[in-house]
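What follows is a short report on a single structure.
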Amino acid sequence: MSTETIPSSNFLRTIVEDDLKSGKHASIVTRFPPEPNGYLHIGHAKSICLNFGLARDFGGRCHLRFDDTNPAKEEQEYIESIKESVRWLGFDWGQNLYHASDYFEQLYQWAEYLILQEKAYVEDLTAAEMRAYRGTLTEPGIESPYRSRSTDENLALFRRMKSGEFPDGARVLRAKIDMSSPNLSLRDPVLYRIIHAPHPHVGNSWCIYPMYDFAHGQSDAIEGITHSICTLEFESHRPLYEWFLDTLPVPARPRQYEFARLNLTYTVMSKRKLHELVSQKIVNGWDDPRLPTLMGLRRRGFTPESIRTFCDRIGVGRSDSWIEMSVLEECVREDLNERAPRALAVLRPLKVIVDNYPEGQVEEFEAANHPQNPELGNRTINFSREIFIEQDDFSENPPKGFFRMTPGNEVRLRYAYIVRCTGVVKDEAGAVVEVHCEYDPASRGGSAADGRKIKGTIHWVSAQYAVDAEVRLFDRLFSDPNPDRGEIDYKQFLNPLSIEVLSGCKLEPNLRDLDPETRVQFERQGYFRLDPQDSVIDQLVFNRVVTLKDTWSKK
RNA sequence: UGGGGCGUCGCCAAGCGGUAAGGCAUCGGAUUUUGAUUCCGACAUUCCCAGGUUCGAUCCCUGGCGCCCCAGCCA
């Protein structure tokens with residue numbers, strides 16, 4: 001059972017409802033248009049859930065379209081990973097897989113059309129000169145001397161650009177709009193540039209490539225997109241988006257809407273920084289469990305359901321926003337609390353000897369796989385004279401309020417017996433290396449025969465039957481809520497404790513046969529899953545997805 | 001003081017002229033063989049500020065203030 005909710009009302013849902021009600025559209029068509037120049041992250045998940053969600057909820061369809069107009073940055077590896085991520089998140093584009101590069105021929109024809117209409121020209125100015133001619137935010141630009149070339153010359157030059165006669169950067173094709181527009185994207189924007197590079201989807205068929213602005217709206221029109229949803233920074237491009245739709249003989253009239261991109265505290269989301277973390281080996285690849293990439297979150301153990309819930313829960317608006325990491329964390333906890341079977345695992349073992357328990361005796365106890373859901377059944381766990389408990393669950397000089405194992409005090413070993421600590425063994429350094437205790441034989445299963453209340457219950461695992469494993473504890477990648485804020489390099493805020501690798505952890509043996517996709521709760525500690533890359537039989541490696549809430553350690 | 005946006009609780013966010021939903025966080029308290037879960041309760045007389053229109057304004061108007069985006073042959 002998932003905990004997913006219906007997305008609450010937002011301005012885009014309202015627009016779609018209105019357009020459907022008024023009959024402006026019989027059905028809607030949206031699209032998710034990633035550029036294949038990196039791996040998808042949770043910010044993309046917001047866009048995916050929005051676009052595919054709108055289509056799903058209002059009976060339309062959503063296309064997956066690769067915005068592959070810049071072969072210098074794009075790779076097949078990214079195309080594959082993006083498809084995998086979208087599928088993993090739980091969305092299906094069906095037959096509707098497209099590439100902006102599918103439309104290169106049509107876009108090229110439209111470029112020539114613009115030249116013929118005297119609305120585009122070949123520019124010989126260098127990039128630096130163009131910048132100088134562009135003007136500033138407060139001053140208008142100056143028209144290029146090449147702006148008045150004849151149609152014939154423009155056409156000839158553009159065709160020569162296409163046929164590969166010029167090197168990269170030699171010339172560009174620009175739209176002829178308005179060099180004094182207060183909107184800089186209307187000051188004769190570049191339409192095509194020369195890039196002699198093989199394209200991941202169309203190979204070597206082109207050496208001129210359209211700019212985003214010249215490709216996006218027309219691609220939307222070709223595909224019959226009704227609602228073209230992008231992030232806020234494209235807002236000032238909208239007049240240009242519309243200029244192309246007005247000027248070109250396009251088959252449909254899509255409309256662009258913008259929403260605020262996702263910002264999450266304690267992480268970074270920009271592709272540049274993600275690339276940097278990966279290429280500088282600050283993290284171990286795009287699927288490093290500490291990254292906000294979908295591949296990283298998946299490997300860490302986040303469920304697609306929890307990410308969808310998150311995307312629904314954060315809402316969609318137009319104001320810059322920062323979502324606290326606790327929202328995401330709570331979404332997985334909610335999902336996993338409901339479905340994860342429980343298990344006992346000791347991460348930092350401390351040997352405990354039950355002195356009055358018969359040597360060599362072993363007892364089986366029934367343990368519930370889920371305390372609130374009997375349908376998940378029971379399992380047996382073996383109890384023996386020597387067990388391991390968590391180092392944190394013992395204290396010789398306990399702080400106020402501590403109700404775990406402490407000399408002279410009783411605690412319950414979950415599902416087993418009530419024990420009383422009778423003494424400790426220390427090494428030369430004075431550290432406790434072994435704890436001794438006595439059990440109450442009348443407390444089989446964990447409840448006292450006389451009904452006395454035992455405040456503390458701790459987890460344990462039989463020393464004799466325990467399975468060893470490596471456990472990787474992940475925490476926030478950065479120690480600052482906004483490492484990306486500027487002035488100081490974000491890498492200064494890397495959290496040195498973002499990964500802690502524990503070896504020699506002691507697990508209950510039932511975990512040996514765990515399904516790699518199953519998330520389990522190690523009671524009192526958190527949710528874990530096997531690392532899909534590194535875990536092998538007899539060399540188990542667990543990843544911690546998220547801790548349990550802990551109101552004790554907070555104090 | 002070029003243009004375009006945004007401003008409702010610590011963080012998100014509904015609300016669209018009729019008297020401030022919800023989630024996360026936080027703080028109590030109950031139940032609990034996970035200090036988990038669950039459960040109850042508290043948490044904006046107020047919607048960036050100031051005027052105005054109105055019987056009535058977070059929603060309309062005017063004027064401020066604050067923040068974000070745009071000067072790639074990136075998307």
Side-chain angles (χ1 to χ4, degrees), chain A residues 5 8-10 14 33-35 37 67 69-70 72-74 123 125-127 130-132 134-141 168-174 180-187 189-195 209 211-213 215-216 230-239 258 260 265 271-272 312-331 333-334 337-338 342 344 367-368 370-372 401-404 412-416 418 443 445-447 454-459 481 521-526 547-555:
Chain A
T5 53
S8 62
S9 165
N10 65 55
T14 304
E35 182 190 13
N37 67 346
D67 220 332
T69 57
N70 186 355
K73 294 184 172 179
E74 297 152 7
E123 173 65 274
L125 252 27
T126 64
M130 278 179 60
R131 192 179 316 122
R134 187 150 35 226
T136 69
L137 294 178
T138 53
E139 305 156 37
D168 287 7
R171 290 178 225 263
V172 294
L173 182 73
R174 301 179 76 175
S180 63
S181 171
N183 183 337
L184 303 231
S185 64
L186 258 20
R187 318 244 262 227
V190 172
L191 267 28
Y192 269 91
R193 63 318 200 178
I194 300 168
I195 302 175
Y209 292 92
M211 296 288 288
Y212 163 85
D213 287 309
H216 207 93
C230 61
T231 44
L232 249 23
E233 67 272 24
F234 291 98
E235 187 161 26
S236 58
H237 295 234
R238 196 169 63 219
E258 310 85 18
T265 58
K271 270 191 184 168
R272 204 209 99 225
D312 291 341
R313 193 168 284 185
I314 58 177
V316 179
R318 287 178 60 87
S319 51
D320 297 321
S321 61
W322 281 87
I323 307 294
E324 291 177 347
M325 186 61 93
S326 60
V327 180
L328 211 210
E329 293 171 340
E330 194 50 24
C331 289
R333 285 198 191 101
E334 230 172 82
N337 172 52
E338 221 173 298
R342 316 282 127 129
L344 302 185
H370 190 118
Q372 281 82 34
F402 186 85
F403 52 76
R404 278 111 92 145
R412 173 164 37 236
L413 297 176
R414 173 139 247 226
Y415 295 123
I418 294 167
S443 65
S447 8
I454 303 296
K455 182 76 169 151
T457 300
I458 63 176
H459 60 278
Q521 182 194 103
F522 289 175
E523 292 205 23
R524 305 208 303 133
Q525 314 203 78
T547 62
L548 250 34
K549 275 190 195 164
D550 184 356
T551 49
W552 163 249
S553 73
K554 219 181 267 176
K555 292 180 183 176

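Quick note on labels: first sequence line is chain A, next is B, and so on, each numbered from 1. Source: prediction; values computed, not measured.
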Polar atom pairs between nucleotides 64-66 of chain B and protein, under 3.5 Å, N or O only, would you list them?
none

Quick one: side chain to side chain contact (heavy atoms under 4.5 Å, CB included) partners of [X], sequence neighbours excluded?
| X | result |
| --- | --- |
| A/Pro140 | A/Ser180 |
| A/Leu548 | A/Gln521, A/Tyr527 |
| A/Ala367 | A/Arg379, A/Ile381, A/Tyr415 |

Starting at the 5' end of nucleotides 19-27 of chain B, put B wherever the base has a protein heavy atom under 4.0 Å, S where only the sugar-phosphate does, and a dash everywhere else. ----SSSS-
Who passes salt bridge (Lys or Arg N to Asp or Glu O under 4.0 Å) against [X], sequence neighbours left out?
| X | answer |
| --- | --- |
| A/Lys73 | none |
| A/Arg318 | A/Glu235, A/Glu258 |
| A/Arg404 | A/Asp393 |
| A/Arg187 | none |

Among residues at least two apart in sequence or on other chains, which ones pass ring-ring contact (aromatic ring centres under 6.0 Å, His included) with A/His216? A/Tyr212
Partner set under ring-ring contact (aromatic ring centres under 6.0 Å, His included) for A/His370, not counting sequence neighbours: none
Distances under 3.5 Å only, N/O to N/O: pair up the protein atoms with those of nucleotides 67-69 of chain B.
unit_1	atom_1	unit_2	atom_2	d
B/rC68	O4'	A/Asp320	OD2	3.3
B/rC68	O2'	A/Asp320	OD2	3.2

